[in-house]
Enquirer: 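What follows is a single structure, and I will ask about it in a moment.
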Amino acid sequence: MLDSVVNINGILTPGNRATVSVFDHGFLYGDGVYETLRSYNRKPFLLKQHFTRLRTSARRLLLQNLPSDRELESRILETIPTVHPTGEVTIRILVTRGVGELSYNPTACPTPTTIIITRPHHNPPDEVIRKGIKLIVASVVRNHPRSVDPSIKSNNLLNNILAMQEAFQLGAAEAILLNQRGELTECSQSNLFAVRNGVALTPPLKSGLLEGVTRNFLFEVGAQLGTQVRECVLTEEDFHSVDELFITSTTREIVPVVSVGNQVIGDGTPGPITSALLAKLREMAQAANSPIEESNSKL
Ligand code: PDD
């Protein structure tokens with residue numbers, strides 16, 4: 001079994017032999033978009049939602065000629081049994097501008113490069129879920145929507161990397177980014193939720209952030225659980241008064257947060273609403289995905 005398997009423009013390759021041209025504009029300029037998915041019961045979860053966001057992101061960059069959803073799905077499904085015989089996988093789809101002259105003119109690259117990287121999936125360790133994580137507020141602010149708009153899931157991730165470097169230096173697991181008005185937006189690789197008086201609150205899209213697929217799913221999870229989940233403008237001041245804090249993402253599901261910098265959140269332990277939402281999310285994800293027929297490995 002392989003650590004990773006990569007489909008490049010339709011050709012399946014072991015991860016350690018997967019390469020792209022140095023003239024690919026994804027490499028030269030970070031000119032491209034991506035999605036990260038995971039499987040439950042070995043079937044990609046919320047595939048349609050990820051495809052929709054991938055196409056929305058691509059449209060924003062005037063990136064054209066992507067493979068169809070059906071073609072992408074078939075490429076993804078082909079990778080799963082090859083990389084992991086039984087367990088869950090994480091799938092990253094990248095679509096870059098493609099290979100062409102060193103030019104910002106999109107006509108230099110008529111054909112995008114489409115890459116699917118599939119790897120075994122690892123949930124956050126149980127201890128992380130039991131104890132919660134520490135965050136910081138980065139000094140780097142989230143891109144202004146009129147710069148590289150955070151609602152585009154682009155391969156151009158330097159802003160997120162700069163924020164996360166601050167977190168690494170301070171021993172934190174994630175970095176919260178503010179917008180230029182001082183409102184909370186999201187973290188470097190996840191969305192942010194706070195719980196106050198039993199209601200889960202998350203910054204609105206107009207604060208300037210990625211519309212997370214898990215964030216959207218949380219509205220459904222909350223409805224099933226009878227817990228209100230809604231958007232609300234939040235600032236650092238709110239850390240003093242919220243009872244719970246958590247992050248969401250495809251690969252991490254829900255992870256409780258117990259402190260931000262020196263500020264302890266609630267009683268400093270993961271809260272009951274966070275735990276209940278996580279349990280319900282897992283239950284709904286398992287129920288939504290029935291096991292799939294596996295195709296034979298092509299490697
Ligand atoms: N990260 N915000 C940012 C900046 C992200 O990069 C991500 C996802 C999210 C959560 O989105 P979703 O629920 O759709 O995964 C929010 C993925 C996991 C990644 O970078 O691989």
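Note: hydrogens, waters and symmetry copies are ignored here, and every other heavy atom, side chains too, is used. Atoms within each ligand, like the ligands themselves, are counted from 1 in listed order.
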Enquirer: Can you run down the side chain to side chain donor-acceptor pair (under 3.5 Å) pairs that involve residues 160-173, sequence neighbours left out, and say none if there aren't any?
Expert: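 Those involving residues 160-173 are Ser139-Glu166.
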
Enquirer: Please round to the nearest 0.5 Å and tell me the distance separating atom CG of Leu234 and atom CD of Glu183.
Expert: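 Taking CG in Leu234 and CD in Glu183, the distance rounds to 9.0 Å.
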
Enquirer: Under 3.5 Å, N/O to N/O: give me all the pairs between ligand 1 and the protein, one per line with atom names and distance.
Expert:
| from | atom 1 | to | atom 2 | distance (Å) |
| --- | --- | --- | --- | --- |
| ligand 1 | 1 (N) | Lys153 | NZ | 3.4 |
| ligand 1 | 1 (N) | Gln189 | O | 3.2 |
| ligand 1 | 2 (N) | Glu186 | OE1 | 2.5 |
| ligand 1 | 6 (O) | Lys153 | NZ | 3.4 |
| ligand 1 | 13 (O) | Val213 | N | 3.4 |
| ligand 1 | 13 (O) | Thr214 | N | 2.9 |
| ligand 1 | 13 (O) | Thr214 | OG1 | 2.6 |
| ligand 1 | 14 (O) | Arg53 | NH1 | 2.9 |
| ligand 1 | 14 (O) | Arg53 | NH2 | 2.9 |
| ligand 1 | 14 (O) | Val213 | N | 2.8 |
| ligand 1 | 15 (O) | Thr250 | N | 2.9 |
| ligand 1 | 15 (O) | Thr250 | OG1 | 2.6 |
| ligand 1 | 20 (O) | Tyr34 | OH | 2.8 |
| ligand 1 | 21 (O) | Thr36 | OG1 | 2.7 |

Enquirer: Side chains of Thr248 and Thr214: do they bring a donor and an acceptor to under 3.5 Å?
Expert: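 Note: Thr248 and Thr214 side chains miss the donor-acceptor criterion.
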
Enquirer: If you look only at pairs with a residue in residues 86-110, which of them pass as a ring pair (Phe, Tyr, Trp, His ring centres under 6.0 Å), with sequence neighbours excluded?
Expert: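 Output for this query lists Tyr29-Tyr104.
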
Enquirer: Regarding Asp24 and Thr113, do their side chains bring together a donor and an acceptor under 3.5 Å, going by distance alone?
Expert: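 Present: a donor and an acceptor within the cut-off.
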
Enquirer: Quick one: list whatever passes ring-ring contact (aromatic ring centres under 6.0 Å, His included) with Tyr40, sequence neighbours left out.
Expert: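 Phe45.
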
